[in-house]
Peer 1: 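One structure, as C-alpha cells, below. Some questions next.
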Amino acid sequence: MLMTLALAGAAAAIEVGGTAPTVSGLGTVGDAAANDHIKDVFQDALDELNDQLRGIYAKPEKFIRAWGDASVFGSHGATARAYGNYKFITVTIGAMAGIEVPSNPFTIMNELGDIPAKLNEDHDLALGFSPQILNARIGLNTSQFLVKNLYLGLNIGFMKLDGLTEGFSFTTFSIGLAANYQILPTIDLLGGFILWRGLHLGTGLTYTLTDIGYDIKLESVRQPLGAVAGFTSNEAIRIDPSLSLAMDIDTFTIPFEANTAVKLLWFLNVGAGAGFDLGLGKSGLKVGAKGDVSLENLSSPLAQESPGKITLSAGGDMTPAVFNLKLMASVGINIGPVLLDIPFTYYFLNNGVNAGVTIGVSL
C-alpha cells in the first residue's frame with residue numbers, strides 16, 4: 001500500500017519509452033513505409049500509456065529515505081533491554097516493526113484522509129515501513145570470565161514473504177552485536193516486591209538488508225494502425241504493460257542507550273530509557289516498465305518480424321537520517337526465568353516509532 005501511494009500522487013512525471021515492433025512481407029520499400037507508420041502509431045500508444053502514469057514522480061526522495069529510516073528503527077528485534085541484570089544468559093525471540101510517517105505518529109490515524117491531498121501538494125511523502133517479524137537474540141553476562149557487569153549479545157533475524165498479494169515479494173535479514181554495561185547496581189526492596197534493575201549503558205552494531213519487489217499491472221493500450229501503408233482497418237498495436245518496483249535497503253544501526261527498569265509485585269516489569277541511533281547505509285528505489293508489445297490481426301502477406309518493447313528507468317538512492325534521538329519504554333511480565341516484554345520507541349525528531357513483542361528466558 002505504501003509503495004502504491006508513492007506512485008499515486010507525485011508530480012514530476014516519469015515517461016515510458018520503447019521500441020516499436022516491425023513487419024515484413026511488402027518488399028523493401030513497402031516494409032520501410034509500413035514500419036515508419038508503425039513507429040508513429042507506437043508513439044501514440046506510448047502517449048496513451050504515459051497518460052496513465054501522469055503524476056508519478058521519478059525520484060520521491062522523502063519516500064526513499066523514510067524506508068531507510070524505518071529499517072534503522074526496526075533493527076531492535078527481540079530486545080531484552082528492560083531485563084539487563086540477568087545472572088548468566090538470556091535467550092529471546094521476538095518481532096519488531098519500525099515506521100516513519102509524514103506527521104505526528106500518535107495522530108496519523110486521524111489524518112489518513114489527508115494523505116492524497118498532501119501527495120498532490122508535496123508530490124513526495126516521508127512514509128516508510130520495516131517489519132522484522134522473526135528475530136532471535138542471545139545475551140551473556142561476562143562478569144565471571146571477562147569484565148564485571150559487562151553484558152554481550154548477538155542478534156539475528158530473517159523473514160521471507162512472497163505471494164501475500166500478486167506480484168509482491170519481501171525478504172529481510174539482520175545480524176548484529178550488542179554490549180551493555182551496568183553502571184548502577186540492582187537494588188532489591190521488600191524481598192523482591194520492588195526490584196530496581198540498576199542503570200545500564202548500551203551500544204552495538206546491527207546490519208539490516210531488505211529487498212522488496214512489487215509488479216503493478218496497468219491497463220492495456222490498443223492503437224489501430226488504420227488502412228494506410230499496406231494495413232487494413234483491423235490491425236493494431238497492443239501493449240500489455242506493468243510497472244515493476246524494487247527496493248534495496250542496506251542499513252547499519254549503532255545505538256547509544258541508557259536503560260533502566262523496575263520489577264513490581266514480583267512479576268510486573270516496567271522499563272524506560274533514552275538515547276539515539278546512528279543510521280548509516282542506503283535505501284534505493286528502482287522503477288521500471290515491462291510488457292508485451294505486439295501487432296494484432298495482421299493479414300497476408302504481412303508478418304511480424306520482431307516484437308516491440310517498452311522501457312522505463314526511474315527511482316534513486318538516499319541515505320537514512322544519521323542522528324535519530326529516541327525515548328524508550330516497555331511493559332512486561334517476568335515470572336521465574338520466563339519473560340514477556342512489549343517494547344516501544346518514539347523517534348521524536350523523525351516522526352518515527354518502533355513497537356514489538358519479545359518472549360524468552362533469563363537465567
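It should be emphasised that the depicted structure is a prediction, and the values quoted were computed from it without experimental measurement. When a residue number appears, it is its place in the shown sequence, counting from 1.
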Peer 1: Using a 3.5 Å distance criterion without hydrogens, assess whether the side chain of Thr92 forms a donor-acceptor pair with backbone atoms of Ala78.
Peer 2: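 Yes, the answer is positive, given that a donor and an acceptor are paired below the 3.5 Å cut-off.
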Peer 1: Could you pull out the closest heavy-atom pair between Gly279 and Val72, with the gap in Å?
Peer 2: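 So the minimum-distance heavy-atom pair works out to CA-CG2, 3.9 Å.
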Peer 1: Under a 4.5 Å side-chain heavy-atom rule over Ile, Leu, Val, Met, Phe, Trp and Tyr, are Phe348 and Met328 clustered together?
Peer 2: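 No; tracing contacts between hydrophobic side chains, which count when under 4.5 Å, never links both residues.
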Peer 1: Are Leu349 and Leu327 connected in a single hydrophobic cluster, I mean Ile/Leu/Val/Met/Phe/Trp/Tyr linked by side-chain heavy atoms less than 4.5 Å apart?
Peer 2: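 Yes, Leu327 connects to Leu349 through the hydrophobic network.
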Peer 1: Mind telling me whether Phe106 and Tyr346 have parallel, tilted or perpendicular rings, with 30° and 60° as the class edges?
Peer 2: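 It falls in the perpendicular class, over 60°.
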Peer 1: Charged N to carboxylate O below 4.0 Å: is that the case for Arg65 and Glu100?
Peer 2: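 Result for this pair is no, no salt bridge flagged.
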Peer 1: May I have the list of side-chain donor-acceptor pairs in residues 21-29 shorter than 3.5 Å, sequence neighbours left out?
Peer 2:
| residue | atom | partner | partner atom | Å |
| --- | --- | --- | --- | --- |
| Thr22 | OG1 | Ser306 | N | 3.4 |
| Thr22 | OG1 | Ser306 | OG | 2.6 |

Peer 1: Looking at Lys309, I'd like to know if its NZ atom is crowded, meaning that more than 12 non-hydrogen atoms belonging to other residues, nucleotides or ligands lie closer than 6.0 Å.
Peer 2: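 Count not over threshold, so no.
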Peer 1: Minimum heavy-atom separation for Gly271 and Ala82, please, with both atom names.
Peer 2: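 Answer, listing the atom of Gly271 first, then Ala82: CA-CB, 4.1 Å.
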Peer 1: Counting distance only, does the side-chain N/O of Thr260 pair as donor-acceptor with the main-chain N or O of Gly198 below 3.5 Å?
Peer 2: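 It does hold such a pair.
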Peer 1: Closest heavy-atom contact between Phe129 and Ala97?
Peer 2: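 Of all heavy-atom pairs spanning Phe129 and Ala97, the closest is CE1-CB, 4.0 Å.
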Peer 1: Nearest 0.5 Å, what's the CZ-CD1 distance between Phe170 and Ile212?
Peer 2: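 The distance works out to 5.5 Å.
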Peer 1: Just by distance, no angles: are the side chains of Gln144 and Thr142 close enough, under 3.5 Å, to form a donor-acceptor pair?
Peer 2: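 No, no side-chain donor-acceptor pair sits under 3.5 Å.
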Peer 1: What's the shortest heavy-atom distance between Asn135 and Ser174, and which atoms?
Peer 2: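 That closest heavy-atom pairing would be OD1-OG, 3.9 Å.
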Peer 1: Taking atom types as modelled, is there a side-chain donor on Asn297 or Arg238 under 3.5 Å from an acceptor on the other?
Peer 2: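 No, no side-chain donor-acceptor pair sits under 3.5 Å.
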Peer 1: Going by atom types alone, do Ser294 and Asp292 pair a side-chain donor with an acceptor below 3.5 Å?
Peer 2: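 No, no side-chain donor-acceptor pair sits under 3.5 Å.
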Peer 1: Do the side chains of Leu295 and Ile310 join up, straight or via other hydrophobic residues, at under 4.5 Å, putting them in one cluster?
Peer 2: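 Per the 4.5 Å side-chain linkage, Leu295 and Ile310 are co-clustered.
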Peer 1: Leu340, Leu134: one ILVMFWY side-chain cluster at the under-4.5 Å cut-off?
Peer 2: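 In one cluster with Leu340: Leu134, no.
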Peer 1: Indicate the atoms forming the closest heavy-atom contact of Glu257 with Asn259, along with that distance.
Peer 2: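 Heavy-atom minimum between the residues: OE1-ND2, 3.2 Å.
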Peer 1: So which atom in Leu302 and which in Gly230 form the shortest heavy-atom distance, rounded to 0.1 Å?
Peer 2: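 It is CD1-O, 3.6 Å.
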Peer 1: Distance from Leu312 atom CG to Lys286 atom NZ, nearest 0.5 Å?
Peer 2: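 Taking CG in Leu312 and NZ in Lys286, the distance rounds to 13.0 Å.
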Peer 1: Is any side-chain heavy atom of Leu205 less than 4.5 Å from a side-chain heavy atom of Phe252?
Peer 2: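 They are in side-chain contact.
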Peer 1: Dump the intermediate steps for side-chain contact (heavy atoms from CB on, under 4.5 Å) on Val353 and Val101, then the final yes or no.
Peer 2: CA-CA 9 Å; Val353 299; Val101 292; over 6 Å; no
Peer 1: Please evaluate residues Met247 and Trp67 with respect to the criterion side-chain contact (heavy atoms from CB on, under 4.5 Å), reporting the C-alpha separation (whole Å), side-chain torsions for both, the decisive distance (0.1 Å), and the verdict.
Peer 2: CA-CA 9 Å; Met247 297 205 74; Trp67 284 77; 3.6 Å; yes
Peer 1: Test side-chain contact (heavy atoms from CB on, under 4.5 Å) on Leu125 and Phe63 and set out the steps.
Peer 2: CA-CA 5 Å; Leu125 283 183; Phe63 178 80; 5.8 Å; no
Peer 1: Return yes if some donor-acceptor pair links the side-chain N/O of Asp162 with the main-chain N/O of Ser169 below 3.5 Å, else return no.
Peer 2: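 No, Asp162 side chain to Ser169 backbone: no donor-acceptor pair under 3.5 Å.
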Peer 1: Hey, are the side chains of Ile175 and Thr206 touching, using non-hydrogen atoms and a 4.5 Å cut-off?
Peer 2: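 The answer is no; the side chains never approach within 4.5 Å.
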Peer 1: Just how far is it from atom CD1 of Ile93 to atom CD1 of Ile156, taken to the nearest 0.5 Å?
Peer 2: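 If I round to the nearest 0.5 Å, the distance is 14.0 Å.
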Peer 1: Distance from Ser330 atom OG to Asn269 atom CG, nearest 0.5 Å?
Peer 2: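 Here the interatomic distance stands at 6.5 Å.
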Peer 1: Evaluate the side-chain proximity of Ile38 to Leu225: yes if any heavy-atom separation is below 4.5 Å, no if none is.
Peer 2: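 With C-beta onward as the side chain, the pair touches.
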Peer 1: Is Leu195 reachable from Val270 through a run of I, L, V, M, F, W or Y residues, each pair having side-chain heavy atoms under 4.5 Å apart?
Peer 2: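 No: no chain of side-chain contacts under 4.5 Å links Val270 to Leu195.
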Peer 1: For Thr172 and Thr210, does a side-chain donor sit closer than 3.5 Å to a side-chain acceptor?
Peer 2: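 Yes, Thr210 and Thr172 have a side-chain donor paired with an acceptor closer than 3.5 Å.
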Peer 1: Salt bridge check, Asp215 against Lys290: does any charged N sit closer than 4.0 Å to a carboxylate O?
Peer 2: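 The answer is yes: the pair qualifies as a salt bridge.
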Peer 1: Do Tyr207 and Asp250 pair up side chain to side chain, a donor and an acceptor below 3.5 Å, judged on atom types alone?
Peer 2: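 Yes.
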Peer 1: Side chains of Asn180 and Arg81 only: does a donor on one sit below 3.5 Å from an acceptor on the other?
Peer 2: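 No pair is found: no donor N or O on one side chain lies under 3.5 Å from an acceptor on the other.
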Peer 1: Check the orientation of His37 and Phe231. Use parallel for under 30°, tilted for 30 to 60°, and perpendicular for over 60°.
Peer 2: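 Tilted: the ring planes of His37 and Phe231 meet at 30° to 60°.
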Peer 1: Are side-chain heavy atoms of Asn141 and Tyr86 found at a separation under 4.5 Å?
Peer 2: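 They are in contact (side-chain heavy atoms under 4.5 Å apart), so the answer is yes.
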Peer 1: Quick check against the 3.5 Å criterion: does Asp211 have a side-chain atom that pairs as donor or acceptor with the backbone of Asp248?
Peer 2: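 Side chain of Asp211 to backbone of Asp248: no pair is present.
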Peer 1: Scan Thr311, Leu49, Ile239, Leu243 and name whichever one has a side chain to side chain contact (heavy atoms under 4.5 Å, CB included) with Val16.
Peer 2: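 The passing option is Leu49.
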Peer 1: Taking the six-membered ring for Trp, are Trp266 and Phe193 parallel (under 30°), tilted (30 to 60°) or perpendicular (over 60°)?
Peer 2: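 The rings of Trp266 and Phe193 stand perpendicular, inter-plane angle above 60°.
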Peer 1: Does the distance from a Lys or Arg side-chain N to an Asp or Glu carboxylate O, for Lys217 and Asp240, drop under 4.0 Å?
Peer 2: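 Salt bridge flag = no for Asp240 with Lys217.
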Peer 1: State yes or no: are the ring centers of Tyr151 and Tyr181 separated by less than 6.0 Å?
Peer 2: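 So the answer is no for these two rings.
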Peer 1: side-chain contact (heavy atoms from CB on, under 4.5 Å), that's the test. Do Asp40 and Gln43 meet it? Break it down for me.
Peer 2: CA-CA 5 Å; Asp40 293 338; Gln43 187 58 55; 5.9 Å; no
Peer 1: Using 0.5 Å steps for rounding, measure from the NZ atom of Lys263 to the OH atom of Tyr83.
Peer 2: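 Interatomic distance, Lys263 NZ to Tyr83 OH, rounded to 0.5 Å: 8.5 Å.
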Peer 1: Which residue, Glu235, Glu48, Glu296, forms the salt bridge (charged side-chain N to carboxylate O under 4.0 Å, His left out) with Arg222?
Peer 2: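 Of all the options given, the one that passes is Glu296.
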Peer 1: Holding to salt bridge (charged side-chain N to carboxylate O under 4.0 Å, His left out), I want the full list of residues that pass it with Lys39, two or more places apart in sequence or in another chain.
Peer 2: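 Partners of Lys39 by the salt bridge (charged side-chain N to carboxylate O under 4.0 Å, His left out) criterion come out as none, since no residue qualifies.
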Peer 1: For the OG1 atom of Thr253 and the CG atom of Leu278, what is their distance to the nearest 0.5 Å?
Peer 2: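 Reported value, rounded in 0.5 Å steps: 9.0 Å.
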Peer 1: Just by distance, with hydrogens left out, do Asp277 and His76 show a side-chain donor and acceptor under 3.5 Å apart?
Peer 2: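 Yes, His76 and Asp277 have a side-chain donor paired with an acceptor closer than 3.5 Å.
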Peer 1: Within the 3.5 Å criterion, strictly below it, is a donor on Asp69 or Asn350 matched to an acceptor on the partner's side chain?
Peer 2: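 No pair is found: no donor N or O on one side chain lies under 3.5 Å from an acceptor on the other.
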